[in-house]
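All values below were derived from every heavy atom in this structure, side-chain atoms included, with hydrogens, water molecules and symmetry-related copies excluded. Each chain gets a letter, A, B and so on, in the order its sequence line appears, and its residues count up from 1.
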Protein chains: 4
Amino acid sequence: MDRSGAGRSGAGSGRSGPGRPRSERARLAILDAAADLLIEGGLAAATMEAIAARAGVSKVTIYKWWPSRGAVAVDAYFHRYRPEMGMFDSGDLARDLTAQITLMVDAFRGRAGAIMAELIGAAQTDAALADQLRALWIQPRRDAGTILIQGAIDRGELRPDVDIQVALDQLFGPLYFRLLVRHLPLDDPMPAALVRAFLDGAR
Amino acid sequence: MDRSGAGRSGAGSGRSGPGRPRSERARLAILDAAADLLIEGGLAAATMEAIAARAGVSKVTIYKWWPSRGAVAVDAYFHRYRPEMGMFDSGDLARDLTAQITLMVDAFRGRAGAIMAELIGAAQTDAALADQLRALWIQPRRDAGTILIQGAIDRGELRPDVDIQVALDQLFGPLYFRLLVRHLPLDDPMPAALVRAFLDGAR
Amino acid sequence: MDRSGAGRSGAGSGRSGPGRPRSERARLAILDAAADLLIEGGLAAATMEAIAARAGVSKVTIYKWWPSRGAVAVDAYFHRYRPEMGMFDSGDLARDLTAQITLMVDAFRGRAGAIMAELIGAAQTDAALADQLRALWIQPRRDAGTILIQGAIDRGELRPDVDIQVALDQLFGPLYFRLLVRHLPLDDPMPAALVRAFLDGAR
Amino acid sequence: MDRSGAGRSGAGSGRSGPGRPRSERARLAILDAAADLLIEGGLAAATMEAIAARAGVSKVTIYKWWPSRGAVAVDAYFHRYRPEMGMFDSGDLARDLTAQITLMVDAFRGRAGAIMAELIGAAQTDAALADQLRALWIQPRRDAGTILIQGAIDRGELRPDVDIQVALDQLFGPLYFRLLVRHLPLDDPMPAALVRAFLDGAR
DNA sequence: AAGTAATCGAGACGGTACGTCCGGTCTTCCT
DNA sequence: AGGAAGACCGGACGTACCGTCTCGATTACTT
């Protein structure tokens, strides 16, 4: 989970105490190795042993900073992809939502989508991974979505009694559903169809 | 995946051929053992070795009939739960949908939901499991949902241009989303809120 | 161990009792299959399963007639090789012994020797194999050797107080020793050297 | 095959390199467990699993240091028996040889002999075992025997043209022959008879 | 400058499960 | 009664990772 951020953020001065400081070189080597393995062979290939070997690092060093291999994997994923989330806020909700959803559909269709599916899959049995995933991936997107929808409500584009959480679930849930269950593909017309149904209802 | 069903159901004649017939006793023992383990310790506890030991069966016998432990797990899950799907068709779509979704929310909140989450998780790296899951769980529910919505369209309760697949994704996708990502709980108001938003839209 | 011999030897009339008689076809197929496997991959390749599959025979049929796979192997070995033992009795003991030993050295140097080594090896943990091996291979050779030496004693070529059993062990034991332990090769000068040493002693 | 000995004996300096050093505790536990199993149930009982379980050691640790279970078995055998070879060199060759052979006959008649037979048997399909066996058991004895005979030649007790290798095979080969083929027992008169025949010849 | 403390690499270790192979045994149908 | 087919239990195989544990070697801060 890479606790380095929080531990060091304090005081800016870089209070560090005695002892050898953490090797930044090792940290990056680990993340790069893990990302490479993830891309080449999916989560299954990113074993602790393989990561350590490829990074030229001892397994203990990894365990020192991450609690599970899933945790390394998420960090590596975002270290590599550092995903553009795209803040769309043109004032036209339909357009912004469609753009946002299209972006995600595109991402989910590629290699990154396959890996994301594996990560969510592994999160079912790896709490650390799940936490990290929510913090780094889910939450930012929900926050952005909340702002978008709240804005539309404020502008009077949407009814004021809209349940924002449910709205987000109905807009984005289907993407994860299709990604994870694969009953249907994530195809091109989907984003527009989702937005249209969300805005106008079925009645 | 238990290939036995189809092969024998045909024609009632009981075509069997030479050789010792498959042991029904072993089949049931395996499914029961797997179901027990699944309930007690989740998918992680349902290892091939544990299942075999508990069922008093050799590992080869399991491998003979199921390609992966995930496949055994799904079969065991449905062997044990044989889930009531509830055909609601009162003619009032809102009521029927709410009932249907409430049923699933209730299921997802219990032990069965935790196991289902693990199964979908494991399905990300186990194609056999994924297939089985779609066939036994997803597809029947989508079929039922399709009938419900098509009926409402036919009755004029819904607009005729509703995209049924997207509609189902928006109604049920959020449940899987919350089950798997756990960003929010599957709470009591959710079913009604989903149905209302689906019918009336947000605008 | 192939108990068929005794059962059939009687009277030609073929008293056989009720039921289907033993299939000679199966017996030969088993021996041929086992011999082939033995030659291709050594004793390790001649598993019951492999023999049965290759012979187009069920495993039970093999177990019915042979107590262990080692037993099948010896029978197959002699079924295939039906080894020429060569009765040398020219009246010149040195010549006869040398011929006899040379014959065995030649046999031990080829594929048959490798298999023989494996058979003796397996006989250490397979009593049926050991019995069969002594009966079919060792004993005939010891009998022939006994006659040879006894004849020489009778003719006055050897001292009358020679211990024939020890003599045979000293003449042939070294061959098995080198075959099994491989500390030295079974080379060309060996037969003559053995015979000379045996006759004249070292003093 | 326990590669530890040679690697460390050199230079006394105790070169060790990085990493956790090999556990001497584990090494001894393995050898003791294997020896116990060997004695209790023969080579068949000394499976990798049984050795590991009894030694409280993981299987990988065994595979790390020994290439096959046969290799562990030989090492365990000699770890336990550390066989007295008895350097007899009284100047009377007949006496020395007889003593030497008697010693080996006695050994071959006990539990150790049964195990040795199984080891030689297994060596037919386990090259590592065979190598180890020659190095630890056969070679020392042949070296000792060579010295004995060479000494006798030097003293004029034996003809100078005696082929020492053949002589050793004729003296000791019969013991292995009877041990492995069991056509005759290793009885009390055998040592003297062998020596006498070797010295005086049969003519 | 010496001492203290944390990290790092290497790699051995106990453990759990994997998926496979064979050995023997059994059950059923066919001949 | 054979015999072919083939399912079954049991036991061992050799391998893969896991997470933990020594080691010796670095690399900073502290006194």
Return each pair, listed once, that meets side-chain hydrogen bond (donor to acceptor under 3.5 Å, both in side chains) where at least one residue sits in residues 42-52 of chain C; pairs must be two or more places apart or across chains. C:Glu49-C:Lys59
Distance below 4.0 Å between A:Arg69 side-chain N/O and F:dC18 OP1 or OP2: yes
So which one's nearest nucleotide on DNA chain F is more toward 5', B:Gly19 or D:Glu49? B:Gly19
Just to verify, what does B:Arg25 make a side chain to side chain donor-acceptor pair (under 3.5 Å) with, not counting sequence neighbours? none
Nucleotide of F:dC9, F:dC13, F:dA4 approaching D:Met48 most closely (side-chain heavy atoms): F:dC13
Counterpart residues, side-chain contact (heavy atoms from CB on, under 4.5 Å), relative to C:Ser58 (two or more places apart): C:Val60, C:Thr61
Pick the nucleotide of DNA chain F nearest each of B:Arg25 and A:Ala50; which residue has the one closer to the 5' end? B:Arg25
Would you say A:Trp65 reaches E:dC8's phosphate, i.e. side-chain N/O to OP1/OP2 under 4.0 Å? yes
Do any side-chain atoms of residues 36-45 of chain C form donor-acceptor pairs under 3.5 angstrom with protein atoms, and if so which ones, sequence neighbours left out?
unit_1	atom_1	unit_2	atom_2	d
C:Asp36	OD1	C:Arg80	NH1	3.1
C:Asp36	OD1	C:Arg80	NH2	3.0
C:Glu40	OE1	C:Arg54	NH1	3.3
C:Glu40	OE2	C:Arg54	NH2	2.8

Within residues 53-61 of chain B, those residues having any heavy atom closer than 4.0 Å to DNA chain E are B:Lys59, B:Val60
Taking only heavy atoms on the protein side, list every residue of residues 114-126 of chain C lying under 4.0 Å from any atom of DNA chain E, sorted numerically. none
A:Thr125 meets the side-chain contact (heavy atoms from CB on, under 4.5 Å) criterion, sequence neighbours left out, with B:Glu118
Using a 4.0 Å cut-off on heavy atoms, which residues in residues 37-47 of chain C reach DNA chain F? List them by number, or say none. none
State whether the distance check finds a donor on one side and an acceptor on the other, under 3.5 Å, for side chain D:Arg20 versus base E:dC13. no
